[in-house]
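Below, all heavy atoms of this structure are taken into account, side chains as well, without hydrogens, waters or symmetry copies. This structure is a prediction, so every number in the text was calculated from the model and none was measured. Throughout, a chain's letter reflects where its sequence line sits, starting with A, and its residues are numbered from 1.
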2 protein chains.
Amino acid sequence: MKELLYLKDDQLKDLIEKIFVGYRETFSDSKKILDKYSIGLAHQKVIHLLSMYEGISISKLLAKLKVTKQSLNRVLKDLIKLEIIIFKKDEIDTRIKHVYLNEKGKKIFEEIFLLQKKRIYNALLDSSSEEVINFDKVLKKIING
Amino acid sequence: MKELLYLKDDQLKDLIEKIFVGYRETFSDSKKILDKYSIGLAHQKVIHLLSMYEGISISKLLAKLKVTKQSLNRVLKDLIKLEIIIFKKDEIDTRIKHVYLNEKGKKIFEEIFLLQKKRIYNALLDSSSEEVINFDKVLKKIING
DNA sequence: ATTATAGGTAAGTTATATTGACATATTATA
DNA sequence: TATAATATGTCAATATAACTTACCTATAAT
């Protein structure tokens with residue numbers, strides 16, 4: 001049987017450290033823009049998801065973020081104050097609230113994303129198609145644990 | 001010129017979400033053990049680094065964690081109370097303090113790591129050598145910005 | 001002698017999240 | 001129709017991890 005070096009504890013530890021650093025750096029590049037609007041990491045994540053999933057419901061947002069209602073509501077209230085999100089009731093099931101970024105919200109997202117994506121963009125640009133595809137594949141497997 | 005689909009904004013957004021989820025899941029599997037010892041994520045990170053870099057100095061720990069001295073000191077004090085770390089002065093430059101996990105500390109790390117590594121281990125086991133190597137390569141590029 | 005480095009500490013504050021309890025409106029189901 | 005389940009909101013208290021500002025000692029380097 002083949003020795004799989006990357007399954008050894010030292011390599012796993014190394015990978016775990018890299019996952020931590022990769023996350024931290026990916027979410028810190030845009031800090032200046034967040035400061036400009038007096039928001040933080042939690043707001044950035046919500047804005048990011050709203051940009052990806054337009055009209056997402058509260059409960060789906062909660063499931064993606066894995067935080068409590070109370071936590072999410074604090075953030076949403078800040079975004080309402082900033083006047084960058086709007087709500088629309090579901091036409092069939094009026095209990096459901098759909099959340100959207102408005103025009104101002106989309107602009108602020110673009111400001112944040114412009115800084116944030118650079119790191120990822122450059123890393124992918126510097127990689128082959130296969131490397132990128134495999135990165136995505138393994139990351140998916142880690143997530144789906 | 002080739003169309004690089006994965007350099008488009010939608011794909012970059014998707015990858016950023018995955019980086020976030022991958023990090024969160026990787027650092028949440030071991031929560032039960034952390035609770036058992038009444039410590040948190042910040043402690044887990046320090047213990048992880050101490051396990052990787054035996055005898056690391058305070059300033060190098062700070063550089064790796066990118067937190068303030070005050071933040072790190074709170075965590076180290078907890079680890080001292082738990083009786084799982086020891087310090088040794090550098091023999092040449094006595095200003096420098098080297099930090100080590102003691103035997104109890106190493107055991108607690110192994111408890112944490114046993115749960116934490118499963119997710120990564122299984123993902124890598126389910127991947128080809130090339131996929132794993134490419135995952136690591138791209139992650140490195142993301143980190144080195 | 002002066003400056004730089006390594007580390008520590010105190011007080012106050014902020015960001016993000018939690019638990020637990022309770023409330024309302026709406027929809028689904030027995 | 002009565003009851004249960006779902007989607008959402010809110011209050012109060014607490015926890016965790018971080019921050020800023022400021023100041024301190026000890027040691028090493030210039």
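For the segment residues 67-79 of chain B, residues with any heavy atom less than 4.0 angstrom from an atom of DNA chain D are, sorted by number, B:Val67, B:Thr68, B:Gln70, B:Ser71, B:Arg74. Residues of residues 44-58 of chain B having a heavy atom closer than 4.0 Å to DNA chain C, listed by number: B:Ser57, B:Ile58.
Aromatic ring orientation, B:Phe109 versus B:Phe113: parallel (interplanar angle below 30°, classes split at 30° and 60°). Ring orientation note: the planes of B:His98 and B:Tyr100 are tilted relative to one another, at an angle of 30° to 60°.
Salt-bridge check for A:Lys13 with A:Asp9: failed, with every basic side-chain N at 4.0 Å or more from each acidic carboxylate O. No salt bridge links A:Lys107 with A:Glu110; every basic N to acidic carboxylate O contact stays at or beyond 4.0 Å. Ion pairing between a basic and an acidic side chain is recognised when a charged N comes within 4.0 Å of a carboxylate O; A:Asp10 and A:Lys8 show no such pairing. Residues A:Glu25 and B:Lys66 are paired through a salt bridge, judged by an N-O separation under 4.0 Å between the basic side chain and the carboxylate.
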Check nucleotides 27-30 of chain D for protein N or O atoms closer than 3.5 Å to its own N or O atoms and list the pairs.
from	atom 1	to	atom 2	distance (Å)
D:dT27	O3'	B:Thr94	OG1	3.0
D:dT27	O2	B:Arg95	NH1	3.3
D:dA28	OP1	B:Ile92	O	3.2
D:dA28	OP1	B:Thr94	N	3.0
D:dA28	OP1	B:Thr94	OG1	3.3
D:dA28	O4'	B:Arg95	NE	3.3
D:dA28	O4'	B:Arg95	NH1	3.4
D:dA28	O4'	B:Arg95	NH2	3.4

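Just one residue in the list B:His48, B:Arg119, B:Lys117, B:Gln44 forms a side-chain hydrogen bond (donor to acceptor under 3.5 Å, both in side chains) with B:Ser30, and that residue is B:Gln44.
Defined by atom type and a distance below 3.5 Å, a donor-acceptor pair is missing between the side-chain atoms of A:Tyr121 and A:Gln116.
At a threshold of 4.0 angstrom between heavy atoms, the contacts of A:Lys66 are confined to the sugar-phosphate backbone, with no base atom among them.
The shortest distance between the side-chain N/O atoms of A:His43 and the OP1/OP2 oxygens of C:dT16 is below 4.0 Å.
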